[in-house]
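A note on names: the letters A, B, ... follow the listed sequences, proteins ahead of strands, and every chain is numbered from 1.
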Amino acid sequence: QKEVEQNSGPLSVPEGAIASLNCTYSDRGSQSFFWYRQYSGKSPELIMFIYSNGDKEDGRFTAQLNKASQYVSLLIRDSQPSDSATYLCAGGNTPLVFGKGTRLSVIA
Amino acid sequence: GAGVSQSPSNKVTEKGKDVELRCDPISGHTALYWYRQSLGQGLEFLIYFQGNSAPDKSGLPSDRFSAERTGGSVSTLTIQRTQQEDSAVYLCASSFPGYEQYFGPGTRLTVT
């Protein structure tokens, strides 16, 4: 059974802080990983993808992948109240396996 | 360009009726996926189409659920004899195989 695990949260951080979202996966054959943001009542929106070990930065977002530890993370720097949403980690081949999501709350 | 579109956006139906949900993928995307999301829950994979290959139906919860994809583009998800537990948001996504999936806005189904 291929699984992607996330802490459901809620994760609460103050405005301006770094939010750290974590994800582990069971399928060692997984090659690519994706982070989606889902606002309440909306559909998931792609934020970042990462294929290689290490860090990938895009604006305030940094995705980190460690294939040896089967671990993916998303860092959000200078967190804003507008970042408050559920963040879904997805990985594997096709079709992607989604985690259940971590709810992030950024407190002004 | 145009994203994934779904129709209707909302559907209210009586228990026991059949419903059809439609998905128009991003032009050129050969892979199409259906998911279901109940209130406050994660995404539940239903079915996956890739080109002309046989679809992966492993996520369909019962034989009341079926889907087809005509001409490698538009897809229809059909739920027969709807039950109250079928109430959820049905999401469609499309992609190039192995690449990021883009989601449509979803269809909110309510079975009364």
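When the candidates B:Gly42, B:Pro105, B:Gly106 are compared by the number of heavy-atom contacts under 4.5 Å with chain A, B:Pro105 comes out ahead.
No continuous path of hydrophobic side-chain contacts links B:Leu77 to B:Leu43 [ILVMFWY only; heavy atoms under 4.5 Å]. Follow the hydrophobic side-chain contacts under 4.5 Å out from A:Leu96 and you reach B:Val89 in the same cluster. Side-chain heavy atoms closer than 4.5 Å link hydrophobic residues (I, L, V, M, F, W, Y) into clusters, and following such links, even through other members, never connects A:Ile47 to A:Phe98. Placement of B:Ile47 and B:Leu109 within a single hydrophobic cluster is found when ILVMFWY residues are connected by side-chain heavy-atom separations under 4.5 Å, directly or transitively. Hydrophobic clustering, with ILVMFWY side chains joined whenever heavy atoms are under 4.5 angstrom apart, keeps B:Phe45 apart from B:Leu21.
Only the side chain of A:Leu46 comes within less than 4.5 Å of a heavy atom of chain B; its backbone N, CA, C and O stay farther away.
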Are there donor-acceptor atom pairs under 3.5 Å between chain A and chain B, and if so which?
{"from": "A:Tyr36", "atom 1": "OH", "to": "B:Gln101", "atom 2": "N", "distance (Å)": "3.0"}
{"from": "A:Tyr36", "atom 1": "OH", "to": "B:Gln101", "atom 2": "O", "distance (Å)": "2.7"}
{"from": "A:Gln38", "atom 1": "OE1", "to": "B:Gln37", "atom 2": "NE2", "distance (Å)": "3.1"}
{"from": "A:Gln38", "atom 1": "NE2", "to": "B:Gln37", "atom 2": "OE1", "distance (Å)": "2.8"}
{"from": "A:Ser43", "atom 1": "OG", "to": "B:Gly104", "atom 2": "O", "distance (Å)": "2.9"}
{"from": "A:Thr94", "atom 1": "OG1", "to": "B:Gly98", "atom 2": "N", "distance (Å)": "3.1"}

